[in-house]
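In what follows, a single structure is set out as structure tokens and then discussed.
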Amino acid sequence: AHWPASSLRTLIALILVVGMMGRGWIRNFEWKNNETLYWAAHRADPEGVVAMLLHGHTLVWAERFDEGIAVLQRAAEIDPGYTDVQRELGHTYLVVGLYEDALRHLQIANFQAPNHRVTLEGLEIASRRVAEASSLQLDELRAAVDQNSHDMEAQLALIRKLREMNLVTETMERLQQGDGRFDQSAAWQQEYGVTLV
């Protein structure tokens, strides 16, 4: 039996229309909100970085931070050069209070796309918070040394923190002050060497 050409075209068109209607119905079911839509896109393309970025972003906005960070970190692993992922991770870490992680990702984003306004704003906040935390930690370490100047471990912790914060002059002064007490210690000499380098 041979079908007439017009009937065959009609049948093909009908199949296409039904297929498109079915796909539209599925997409409408998936698109209850952006979260379900981006989750469906991520499920359809699990290694797709754009889908991961959008899915991670909606999870963060829903305050599901751990899940959002996990998705965004995976996207950054797949494509470390995708600036929007680095920026999103940086801002997410700012929100949850992990300022050193925020600073790292925002610095990467700024390196990849310099002087982006949103990145620079995040960098300013992250830098200030990291400096504040370091300053508080430095004050605590100084107080511990002031309470017991013969505690070599407290002295070494302070020296390492000073060096980490690039306070080289104070680092050298502290090392020189401890020379008479700790200069026989290999750990003390090691810190001396690292600081001089």
Side-chain angles (χ1 to χ4, degrees), residues 23-144 156-171 194-195:
R23 182 66 190 126
W25 181 81
I26 290 169
R27 183 55 94 189
N28 285 340
F29 177 74
E30 290 172 341
W31 197 348
K32 296 175 185 168
N33 54 44
N34 282 347
E35 186 176 338
T36 58
L37 177 67
Y38 297 144
W39 177 81
H42 175 55
R43 186 187 63 208
D45 184 11
E47 299 295 304
V49 178
V50 174
M52 289 175 145
L53 171 63
L54 295 171
H55 181 52
H57 177 79
T58 56
L59 288 169
V60 168
W61 273 97
E63 297 184 1
R64 294 165 55 189
F65 298 114
D66 291 343
E67 294 172 72
I69 288 170
V71 170
L72 292 168
Q73 283 176 333
R74 180 67 184 128
E77 289 168 9
I78 292 171
D79 186 357
Y82 192 4
T83 304
D84 290 343
V85 169
Q86 298 291 348
R87 186 179 301 119
E88 187 71 27
L89 261 172
H91 283 284
T92 301
Y93 282 128
L94 269 180
V95 170
V96 299
L98 296 172
Y99 302 119
E100 290 183 9
D101 291 325
L103 184 61
R104 181 168 38 88
H105 286 285
L106 290 167
Q107 285 172 334
I108 292 169
N110 191 51
F111 177 77
Q112 293 171 344
N115 302 320
H116 184 277
R117 182 184 57 80
V118 175
T119 304
L120 292 176
E121 290 171 359
L123 266 173
E124 182 182 334
I125 294 167
S127 296
R128 187 173 58 246
R129 295 299 171 94
V130 167
E132 289 168 359
S134 289
S135 181
L136 284 172
Q137 190 177 10
L138 191 57
D139 290 344
E140 291 171 2
L141 291 169
R142 282 182 178 134
L156 290 174
L158 175 57
I159 286 165
R160 290 182 191 116
K161 189 64 180 177
L162 289 166
R163 191 174 55 240
E164 176 189 314
M165 294 178 67
N166 206 25
L167 299 171
V168 179
T169 303
E170 186 179 350
T171 306
V194 171
T195 304

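None of these values were measured; they are calculated from a predicted model.
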**OP:** Apply side chain to side chain contact (heavy atoms under 4.5 Å, CB included) to L158 and L138, showing your working.
**Re:** CA-CA 7 Å; L158 175 57; L138 191 57; 3.6 Å; yes
Original post:
How would you list, by chain and number, every residue that makes a salt bridge (charged side-chain N to carboxylate O under 4.0 Å, His left out) with R74, sequence neighbours excluded?
Top reply: E47, E77
Original post:
Does Q112 have any side-chain contact (heavy atoms from CB on, under 4.5 Å) partners at least two apart in sequence or in another chain, and if so, which?
Top reply: T83, Q86, I108
Subject >> Distance (rounded to the nearest 0.5 Å) between L89 CG and L98 CG >> reply: 11.0 Å
**OP:** Name all pairs fulfilling the salt bridge (charged side-chain N to carboxylate O under 4.0 Å, His left out) condition that reach into residues 104-116, sequence neighbours left out, sorted by first residue then second.
**Re:** D101-R104
Original post:
What's the shortest heavy-atom distance between M52 and L72, and which atoms?
Top reply: O-CD2, 4.3 Å
Subject >> Contacts of type side-chain contact (heavy atoms from CB on, under 4.5 Å), residue H91, not counting sequence neighbours >> reply: R87, L94, L106, V118
Just list the side-chain donor-acceptor pairs under 3.5 Å for residues 123-134, sequence neighbours left out, or say none.
unit_1, atom_1, unit_2, atom_2, d
S127, OG, L123, O, 2.8
R129, NH1, Y99, OH, 2.9
S134, OG, V130, O, 3.2

**OP:** Would you give the length of the straight line joining atom CG of L59 to atom CD of E67, rounded to the nearest 0.5 angstrom?
**Re:** 5.5 Å
**OP:** Just jot down the side-chain contact (heavy atoms from CB on, under 4.5 Å) partners of V49, sequence neighbours excluded, or say none.
**Re:** A75, I78, D79, Y82, V85
Original post:
Step by step, would you call R163 with T195 a side-chain hydrogen bond (donor to acceptor under 3.5 Å, both in side chains)?
Top reply: CA-CA 7 Å; R163 191 174 55 240; T195 304; 2.9 Å; yes
**OP:** Please name all residues satisfying side-chain hydrogen bond (donor to acceptor under 3.5 Å, both in side chains) with E100, sequence neighbours left out, ordered by chain then number.
**Re:** none
Subject >> For H57, all residues meeting ring pair (Phe, Tyr, Trp, His ring centres under 6.0 Å), sequence neighbours excluded >> reply: W61
Subject >> salt bridge (charged side-chain N to carboxylate O under 4.0 Å, His left out) pairs, two or more places apart, involving residues 89-99 >> reply: none
**OP:** Quick one: which residue pairs count as a salt bridge (charged side-chain N to carboxylate O under 4.0 Å, His left out) with a foot in residues 106-123, not counting sequence neighbours?
**Re:** R117-E121
Subject >> From OG1 (T92) to CG (D66), nearest 0.5 Å >> reply: 11.5 Å
Subject >> side chain to side chain contact (heavy atoms under 4.5 Å, CB included) between Y93 and I69, intermediate numbers included >> reply: CA-CA 8 Å; Y93 282 128; I69 288 170; 3.5 Å; yes
**OP:** Check side-chain contact (heavy atoms from CB on, under 4.5 Å) between D139 and all other residues, then give those that pass, not counting sequence neighbours.
**Re:** S135, R142
Subject >> Nearest non-hydrogen partners of L141 and K161, listed with the distance >> reply: CD1-CB, 3.5 Å
